[in-house]
Amino acid sequence: MIEFRILKQSKKSGARIGILKTTHGEIETPSLVPVATRAAIKTLTARETERTKSRILIANTFHLHLRPGEHIIKHAGGLHPFMRWNHPLMTDSGGFQVFSLGFGKDMGVGKLLKIFPEGNGGKNKETVRTHHQPKEMKIADEGVWFRSPIDGRKLFLGPKESIKIQESLGADIMFAFDECTPPLATRPYIERSLARTHAWAKICLDAQKTKQALFGIVQGSHFKDLREKSAKFIGGLGFPGFGIGGDLGSSKEDMLKILDWTMPHLAEEKPRHLLGIGYLQDMEAIIKTGIDLFDCTVPTHYARRGIAFTALGKLNLNRTFFLKDKKPLDKKCSCETCAEYTRDYICHLMRAGEITAMRLLTFHNLFYFNTFVEGIRDKIKRGKI
RNA sequence: GGAGCCGUAGAUCAAUUGGUUAGAUCGCAUCCCUGUCACGGAUGAGGUUGCGGGUUCGAGUCCCGUCGGCUCCG
């Protein structure tokens, strides 16, 4: 069970301040949802994650099903006690892995299409047509046959299976099983996929036995009518909240357009989660469309590549330049990393391959992102956006 | 004192019987990463082949000298 209360609706935009209540406490929205795919924010403990101002995390059904298996987590009493996290949790359905381990892997693309200049090896000419299948999986109306990336054994995941697993995991919020279509798919492929995602949404609702909140996911790629169709359909099924999935086009403008097409069809009083998006420079814009929650791997993933986010932009701590830099990562940041450590040391650790570097950067980036969202909430409260 | 082996990019090593512009890996530099992939991807810089001479149309490769390192024998 969740309860969502909107405390303030902006008069200047779709932005709003809300409180999302769950049985594991409440969070203020808009909020970033850091990604704990395998029931861990990589490099940090739950206690440490809490000190980065994070109050809700998202784990992944597909990855936890593979390892350790949902029965282990159920036996431990669910994800919350298992990972020692006493705040709200979400689980992604595994639908995204249909894409990321399927066409995404085959074609070497993300869900946001990168535009290549003309003549660049015809990279953009490749398309996914109606009856195409990814190399290592089979997508059917009932669900998806995968091969385990761990040992190669055959696995099946469909809407019923996803819900059953997510119920064993016991997060406060679950997501419906969907297909994130590849950005290079043809319209007929997307239409067919959308019908499937919609059918799966209904099956998920029917399959659910627990009181966890189940969010439906809007798809529809970059087509206006398909996005509207999906938003109306998913919006009409009685879900207590919604996810918006990508392909979200090939630019920030595309993404905002897609959100604008979608949002009017989703009940205002219900929370909206933008799946997998959250560059700092996009946050304010997506929040202004009416997004309440968004998960993103960027703060944690980039940290492990040596990137720190600061008021002056991204810093690449791999660069030898920083070996003699005695400043903290960000002079105004009040996180534990910035309070105790300076760039020279973190640069050294990064270059030496010491995992402590990733830890210090992960801590900082999460704190920085959360502080950044806090700043946007503050702007909404003061009526500035 | 004598004999032998070795010397190629910052490091470790490749390079047909002498034959185009001397390669690879790591490291270095710049950039990339959006419902996760820590140690990944793209691009780039870097060489008087220890030094000097010779043979040859042509030498990292063959010859002589020299310097340095290693091994063995006295």
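Labels below follow one simple rule: chain letters A, B, ... track the order of the sequence lines, proteins then strands, and each chain is numbered from 1.
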rA15(B) to rA9(B) separation - P atoms, rounded to the nearest Å = 15 Å
Measure across F175(A) and L214(A) and return the closest heavy-atom pair with its distance rounded to 0.1 Å.
-> C-CD1, 3.6 Å
Tell me what I217(A) touches on the nucleic acid: a base, only sugar-phosphate, or nothing, going by heavy atoms under 4.0 Å.
-> base
Heavy atoms under 4.0 Å, any strand shown: does E354(A) hit a base, just sugar-phosphate, or nothing?
-> nothing
Nearest-Å distance for atom pair NZ/P, residues K314(A) and rU34(B) | 11 Å
For N60(A), report the nucleic acid contact type (base, sugar-phosphate, nothing); a contact means any heavy atom under 4.0 Å.
-> sugar-phosphate
Which whole-number value in Å describes the distance from L317(A) CG to rA29(B) P?
-> 13 Å
R351(A) side-chain N/O to rA29(B) phosphate OP1/OP2 under 4.0 Å | yes
Counting only Watson-Crick and G-U wobble pairs with both atom distances below 3.5 Å, the stems of 3 or more consecutive pairs that include RNA chain B are B:1-7 with B:67-73, B:10-13 with B:23-26, B:28-32 with B:40-44, B:50-54 with B:62-66
Toward the 5' end of RNA chain B, by each residue's nearest nucleotide, I355(A) or E179(A) | E179(A)
With respect to the phosphate group of rU30(B), does any side-chain polar atom (N or O) of N316(A) fall under 4.0 Å of OP1 or OP2?
-> no
For rG58(B) versus rG19(B), give the span between their C1' atoms, rounded off to a whole number of Å.
-> 7 Å
Within a strict 4.5 Å, meaning less than it, do heavy atoms of the F146(A) and V98(A) side chains meet?
-> yes
note: K105(A), atom NZ; rG40(B), atom P; distance rounded to Å ~ 16 Å
Looking only at side-chain atoms of L112(A), point me to the closest of rU30(B), rU34(B), rU36(B).
-> rU34(B)
Could you work out the separation of rU25(B) and rU8(B) based on their C1' atoms and round it to a whole Å?
-> 15 Å
Euclidean distance for C1', rG23(B) against rG60(B) (whole angstrom) = 12 Å
In whole angstrom, what separates H273(A)'s NE2 from rU34(B)'s C1'?
-> 11 Å
rG7(B) to rU49(B) separation - P atoms, rounded to the nearest Å = 14 Å
Spacing of the P atoms in rA38(B) and rA45(B) (rounded, Å) | 32 Å
Single hit among E191(A), E179(A), E142(A) for salt bridge (Lys or Arg N to Asp or Glu O under 4.0 Å) with R196(A) = E179(A)
Counting just side-chain N and O atoms, does R305(A) come under 4.0 Å of either OP1 or OP2 of rC39(B)?
-> yes
Return yes if some donor-acceptor pair links the side-chain N/O of T337(A) with the main-chain N/O of F363(A) below 3.5 Å, else return no.
-> no
Between CG of L113(A) and C1' of rU34(B) the distance, given in whole Å, is 14 Å
Which one of L312(A), T342(A), L317(A) satisfies the side-chain contact (heavy atoms from CB on, under 4.5 Å) criterion with L329(A)?
-> L317(A)
Please tell me which of the listed nucleotides, rC31(B), rU36(B), rC28(B), lies nearest to the side chain of F96(A)?
-> rU36(B)
Would you verify whether the NZ or CZ of R319(A) falls within 45 degrees of the ring axis of F321(A) while also being under 6.0 Å from that six-membered ring's centre?
-> yes
Does a side-chain heavy-atom distance below 4.5 Å link P68(A) with I73(A)?
-> yes
Quick one: is rU36(B) close enough that its OP1 or OP2 comes under 4.0 Å of any side-chain N or O from Q97(A)?
-> yes
Answer with base, sugar-phosphate or nothing: what part of the nucleic acid does D92(A) contact at a heavy-atom distance below 4.0 Å?
-> base
Is G243(A) touching bases, backbone alone, or none of the nucleic acid, heavy atoms closer than 4.0 Å?
-> nothing
Let me know the distance between CG of N365(A) and P of rU36(B), rounded to the nearest Å.
-> 18 Å
Nucleotide nearest D282(A) (side chain, heavy atoms from C-beta), chosen from rU36(B), rU34(B), rC33(B) = rU34(B)
Determine whether the aromatic ring centres of H198(A) and W200(A) lie less than 6.0 Å apart.
-> no
Take the angle between the ring planes of Y345(A) and H348(A) and call it parallel below 30°, perpendicular above 60°, tilted in between.
-> tilted
Can you find a pair of side-chain heavy atoms, one from P81(A) and one from N86(A), that are under 4.5 Å apart?
-> no
State whether the number of non-hydrogen atoms from other residues, nucleotides or ligands found under 6.0 Å of R382(A) atom CZ is greater than 12.
-> yes
How many Å lie between CG on N318(A) and P on rG27(B), as a whole number?
-> 11 Å
Counting just side-chain N and O atoms, does Y302(A) come under 4.0 Å of either OP1 or OP2 of rC32(B)?
-> no
Taking only the side-chain nitrogens and oxygens of H301(A), find out if one of them lies under 4.0 Å from OP1 or OP2 of rG40(B).
-> no
Among residues 38-58 of chain A, which contact RNA chain B at a heavy-atom distance under 4.0 Å?
-> R38(A), K42(A)
Taking CZ from R319(A) and P from rC32(B), how many angstroms apart are they, rounded to a whole number?
-> 11 Å
Span that lies between the P atom of rC64(B) and that of rU48(B), in whole angstrom = 26 Å
Would you say the side-chain atoms of S54(A) pair up with the backbone N or O of I56(A), donor to acceptor, closer than 3.5 Å?
-> no
For G278(A), answer base if it contacts any base atom (sugar-phosphate contacts may also be present), sugar-phosphate if it contacts only those atoms, and nothing otherwise; contact means non-hydrogen atoms under 4.0 Å.
-> base
On RNA chain B, nearest-nucleotide positions of G94(A) versus M358(A): which is more 5'?
-> G94(A)
Could you tell me whether V298(A) contacts a base, only the sugar-phosphate backbone, or nothing, with contacts defined as non-hydrogen atoms closer than 4.0 Å?
-> sugar-phosphate
Between rC6(B) and rU43(B) - C1' atom distance, rounded Å | 36 Å
